[in-house]
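Structure provided below as structure tokens; questions to follow.
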Amino acid sequence: MHSAADEAFRAEARAWLRAHVPAEPPPSLETEEGFAAHRAWEAELAADRWSVVDWPARYGGRDAGLVRWLLFEEEYYAAGAPGRVGQNGVSLLAPTLLAHGTEEQRARVLPPMATGEVVWAQAWSEPEAGSDLASLRSRAVRVSGGWLLSGQKTWSSRAAFADRAFGLFRCDPDAERPHLGLIYLMFGLRAPGVTVRAIARLDGRPAFAELFLDEVFVPDADVIGEPGDGWRIAMAAAGNERGLMLRSPGRFLAGADRLHRLWRARGEPESARARVADALIGARAYQLFAWAAASRLAEGGSLGPESSMNKVFWSEYDIALQETALDLLGPEGEAADTEWAERYVFALAGPLYAGTNEIQRDIVAERLLGLPKGRRG
Amino acid sequence: MRFLLDAEQRAFTGSLDKMLTAADTPAVVRAWSRGVHAAGRALWSRIAEAGVFALAVPGSRGGLGPLPVELAAAFVELGRHAVPGPLVETATAAVLLAGLPEPGPAGRLVPALLSGEALATVAWTAPYALDGDTADVRLTVTGEGLRLAPGHGPVRPSLDPARRLTPLDPGGELLLTGPPPARALVYARLCTAAQALGVGEALLDRTVTYVRQRTQFGVPVGSFQAVKHRLADAKTGLEFARPLLFGAALTLDPADVAAAKVAAGEAAYATARAALQAHGAIGYTAEYDLSLWLTKARVLRAAWGDPDSCRTEVLRGAGRR
């Protein structure tokens, strides 16, 4: 289905992965030890320019384009390669910098992101604001040469061990509409005035953290775009092609394959037959949907609200897949020290983060189907 | 990479859509359900003239194909417009007959199917054939081979009033000894999946229009989150079945086609349930046009391979890779 050149790229990726993927998976990246191991893996990928294949070459990528990124991801997950500790930066901050950052910011921020030297956490959410980012209250106050951040962020993924964070702050409390007074910026998690308190997720691992910010100084150089323009910039990133690819098809193709093998190893129980088949069907659907979306982008189209449909699909799909696996494992499914358990707990968060599925369904209904707006909730 | 319809393919489906919209298909379906076939046959001729059945048959046998992507795209339109009659069966019969040696009945029948002069039906995966009383060409596939059935048995109604179920008489001329090409079954499933997707699209379109207009508690029903979310899920199901359909048309792999059949059938049926719920009692009436698609969504799910047998095919295919 792909061009010979694309298939050659795929073959090159496959050969590299076969030679480099560790035989034993590293510890969970939601532990200090695992975080360090995954950081080292990022460096190994980056050494041969496999960490960010779709980025421009000057920042460490291969200018590979979306289709080849999809092919790379298929090979990556099929090879059983480790989870990506740099993902928040790579999939959320990097596209924003590529679209809205300055050349100075890109040259400074992107290369160490590509190597895992600087791992980024997202700092969107606040205690009183979930999917309603327009209600953010943490503020940025103008001072000479920069801004002072104060307030509290929470549910900040990877922040327990990460180096830096990016997020939205209120810079103009008097703005005409609440989402107009926001600034998008980057700050250090070890900067003076930052306190990080790890939060354990359901399985006890510190997969996220809350951040207490007390007059944390951010130089003007770390502001992305214009103050007051933060909402627009952040939303452009949310709806863009990386938003669509938030979970790459390769992940689910490999997951469905694993599930199918587990089912066969368990003697093909009839009770799970339909669900295993549906996992295979769903992975293929997601793959082809992504390829079609990539084609549309290549032809100059845009995605926008389609990424909301995509998000609902993969997050529900992921949970169904992992639940089926746990059911197949029976009593063994309770054991928490398995990759299945890790994937299950991770999947449970899918419908919550990156905009709850309720918000996504509203977007699908209003913007793809043209249904009238109503009160949320 | 070919994952989107090109301009020519879009123009083809666009013209088919325009022709079917102008044909007032709901009136045609209702007549067909009453056993009055004149309008349906006239529409059938125009569908055949547009080349729909010819897409299933190679150029060497008088067709335009095989062009499975175009065929699937055309069947989405036929489903969207609730066109009645043994559409999938005629396309499948054309594939079966075009695979036979030129001299003999096959050589005579293929042109009649492609021109729309003759409707065909096939009894293969089910104990009956669709519209066997209306069809001009009746084929039976058994372990023994492919036969031209001499006639049909008593007519039974279908859950979809536009469909009639008829067993075909045993015997008749033996056209082929041994199992017919598996390709024919793949085409039947592909066309059914496409038709189901079109049925789902029509159900969703009509429901969206309805809930924007119908008000309760002083606001449009479509502004309620419970309604919106159910329709958003219907939309998502249909949009993820679509790439499976066209991906399967490209590969014609039996497992891919079975996957498309499951996804399109389930998405269309889930949409039918959502559509009925969002319409309320009016949707439950036969006089309201929604019923034309509601009943079809259910029966297409089982036609040419029910979800269970298609899932088995998917698992078998995954084991091969």
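Just so we're on the same page: letters track the sequence lines, and every chain starts at 1. Please read all numbers here as calculations on a predicted model, not as lab measurements.
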Fill in: Which portion of Val262(B) sits near chain A, non-hydrogen atoms under 4.5 angstrom
side chain
Worksheet item: Using 30° and 60° as the class limits, which term best fits the ring planes of Tyr317(A) and Phe313(A): parallel, tilted or perpendicular?
Response: parallel
Worksheet item: Is atom OH of Tyr77(A) surrounded by more than 12 heavy atoms (other residues, nucleotides or ligands) closer than 6.0 Å?
Response: yes
Item to complete: Considering only heavy atoms and a distance below 4.5 Å, find which of Leu371(A), Leu280(A), Val276(A), Val364(A) pairs most often with chain B.
Response: Leu371(A)
Practice prompt. Give, as side chain, backbone, both or neither, the part of Arg296(A) having an atom under 4.5 angstrom from any heavy atom of chain B.
Written response: both
Fill in: Greater than 12 external heavy atoms within 6.0 Å of Arg273(B)'s CZ
no
Worksheet item: Where on Glu358(A) is there a heavy atom nearer than 4.5 Å to chain B: the side chain, the backbone, both, or neither?
Response: both
Fill in: Leu245(B), part contacting chain A, at a heavy-atom distance under 4.5 Å
neither
Item to complete: Give me the ring orientation class for Trp16(A) and Trp50(A): parallel if the planes are under 30° apart, tilted from 30 to 60°, perpendicular past 60°.
Response: tilted
Discussion item. Could you tell me if the side chain of Leu238(B) sits less than 4.5 Å from the side chain of Leu197(B), heavy atoms only?
Written reply: yes
Fill in: chain A interface, residue from Val227(B), Thr236(B), Val211(B) that has the most non-hydrogen pairs under 4.5 Å
Thr236(B)
Worksheet item: Would you call the rings of Trp291(A) and His2(A) parallel, tilted or perpendicular, where under 30° means parallel and over 60° means perpendicular?
Response: perpendicular
Discussion item. Tell me which of these, Asp278(A), Leu368(A), Asn357(A), has more heavy-atom pairs under 4.5 Å with chain B than the rest.
Written reply: Asp278(A)
Discussion item. Under 6.0 Å from the ring centre and within 45 degrees of the ring axis: does the NZ or CZ of Arg80(B) meet both conditions for the six-membered ring of Trp293(B)?
Written reply: no
Discussion item. Just so I understand: if I count every heavy-atom pair under 4.5 Å between each of Ala277(A), Pro372(A), Ala365(A), Ala274(A) and chain B, which residue has the most?
Written reply: Pro372(A)
Discussion item. So for Asp205(B), is it side chain, backbone, both, or neither that comes closer than 4.5 Å to the heavy atoms of chain A?
Written reply: neither
